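Written below as structure tokens is the structure these notes are about.
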Amino acid sequence: MDHVGVAVEDWQKSLHDFAILLGTEASDEELLDKEGVRTAFFQTGNTRVELLGATRAESPVGKFLSRRGEGLHHIAFAVKNLDQTLIRLQEKGFSLTSGGIRKGSGGKRICFLQPKQTHGILIELCEKK
């Protein structure tokens with residue numbers, strides 16, 4: 001597992017609360033304007049928690065927050081070769097969300113699988129550099 005994504009409404013309060021909860025400061029804070037999201041990561045043990053804050057109501061995270069409110073947004077798994085992984089999964093019937101493969105935080109290539117095919121969980125695949 002690479003990280004768990006958590007959608008949050010109040011960016012500053014969330015950064016503060018998670019820093020206290022996890023006993024560490026956020027790192028790698030980034031604005032992904034094209035996606036309408038700001039992100040920050042907290043290292044905890046062998047994985048990370050990613051906070052996701054919408055910068056536009058019509059962004060994917062903004063829509064998620066309006067439909068479901070704050071909480072677990074996705075689980076991300078690291079893969080060595082995204083293209084090969086997708087070929088294998090698509091051969092087994094899995095498909096991507098409408099966003100397709102794109103650049104995520106830290107410049108990684110990422111994609112999301114259709115949650116209807118993953119038991120209601122949004123799964124992100126992120127290619128390790």
Side-chain angles (χ1 to χ4, degrees):
M1 183 181 332
D2 186 77
H3 67 271
V4 174
V6 178
V8 300
E9 301 229 4
D10 185 327
W11 185 250
Q12 291 303 320
K13 180 170 178 8
S14 299
L15 284 173
H16 173 77
D17 291 348
F18 274 85
I20 292 170
L21 175 68
L22 299 172
T24 187
E25 294 298 317
S27 64
D28 303 323
E29 197 168 337
E30 189 173 354
L31 175 64
L32 300 170
D33 195 44
K34 183 178 176 185
E35 298 295 324
V37 67
R38 109 181 358 113
T39 66
F41 287 89
F42 290 87
Q43 185 70 41
T44 177
N46 293 329
T47 193
R48 299 176 301 156
V49 174
E50 177 187 28
L51 297 188
L52 303 157
T55 60
R56 296 188 305 270
E58 71 278 3
S59 71
V61 173
K63 290 176 184 176
F64 177 91
L65 286 165
S66 70
R67 281 192 321 267
R68 296 187 177 186
E70 292 185 302
L72 178 64
H73 181 265
H74 67 272
I75 299 173
F77 295 101
V79 298
K80 290 181 182 178
N81 185 312
L82 186 59
D83 297 317
Q84 287 179 353
T85 300
L86 288 178
I87 289 169
R88 179 180 63 80
L89 291 173
Q90 288 171 334
E91 286 175 351
K92 300 294 184 182
F94 289 91
S95 58
L96 300 179
T97 62
S98 61
I101 297 174
R102 58 188 175 270
K103 186 192 285 189
S105 62
K108 291 180 186 173
R109 291 177 67 220
I110 66 165
C111 65
F112 291 90
L113 299 177
Q114 284 289 344
K116 291 179 182 173
Q117 299 170 328
T118 56
H119 305 274
I121 299 169
L122 183 60
I123 301 290
E124 176 185 353
L125 301 176
C126 54
E127 189 170 64
K128 285 292 205 191
K129 292 183 178 183

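Along the sequence shown, the residues carry numbers beginning at 1. This is a predicted model, so every value here is computed, not measured.
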- Message: In the structure I gave you, are the side-chain heavy atoms of Arg56 and Asp33 within less than 4.5 Å of one another anywhere?
- Response: yes

- Task: Could you tell me which non-hydrogen atom of Val8 sits nearest to which non-hydrogen atom of Leu65, and how far apart they are?
- Result: O-CD1, 3.5 Å

- ILVMFWY network linking Leu15 to Phe18, side-chain heavy atoms under 4.5 angstrom: yes

- Task: State the OG1-CD distance between Thr55 and Glu58, to the nearest 0.5 angstrom.
- Result: 8.0 Å

- Query: Is it true that Ile110 and Leu32 fall in one hydrophobic cluster, defined by side-chain heavy atoms closer than 4.5 Å?
  - Reply: no

- Message: Rounded to the nearest 0.5 Å, what separates atom OG1 in Thr47 from atom CG in Asp2?
- Response: 6.5 Å

- Message: Measuring only between side-chain heavy atoms, which start at C-beta, is Glu70 closer than 4.5 Å to Asp10?
- Response: no

- Just say parallel, tilted or perpendicular for the rings of His74 and His3, cut-offs at 30° and 60°. perpendicular

- Do other residues, nucleotides or ligands put more than 12 heavy atoms under 6.0 Å from Arg102 CZ? yes

- Do the non-hydrogen side-chain atoms of Pro60 and Phe112 ever get within less than 4.5 Å of each other? no

- Look at atom CD of Glu25 and say whether more than 12 heavy atoms of other residues, nucleotides or ligands are closer to it than 6.0 Å. no

- Message: Do Lys80 and Thr85 make a side-chain contact, defined as non-hydrogen atoms from C-beta onward lying under 4.5 Å apart?
- Response: no

- Item | Check: Glu127 and Ile101 side chains under 4.5 Å, non-hydrogen atoms | no

- Heavy-atom side-chain proximity of Leu125 to Leu113 below 4.5 angstrom: yes

- Message: Would you say that Leu72 contacts Val4 through its side chain, given a criterion of any heavy-atom pair below 4.5 Å between the two side chains?
- Response: yes

- Query: Are Met1 and Phe94 grouped together when hydrophobic residues (ILVMFWY) are joined by side-chain heavy atoms under 4.5 angstrom apart?
  - Reply: yes

- Message: For a quick test of reading the model, state the closest non-hydrogen atom pair linking Val61 to Leu52 and the distance between them.
- Response: CG1-O, 4.0 Å

- Path from Trp11 to Phe64 over hydrophobic side-chain contacts below 4.5 Å: no

- How about Cys111 and Leu82: do any of their side-chain heavy atoms sit closer than 4.5 Å? yes

- Message: Run the side-chain hydrogen bond (donor to acceptor under 3.5 Å, both in side chains) test on Gln117 and Ser95 for me, step by step, so that the C-alpha distance in whole Å, both residues' side-chain angles and the decisive distance to 0.1 Å come before the verdict.
- Response: CA-CA 8 Å; Gln117 299 170 328; Ser95 58; 3.2 Å; yes

- Task: Nearest 0.5 Å please: distance from the CG atom of Leu96 over to the CD atom of Gln90.
- Result: 5.5 Å

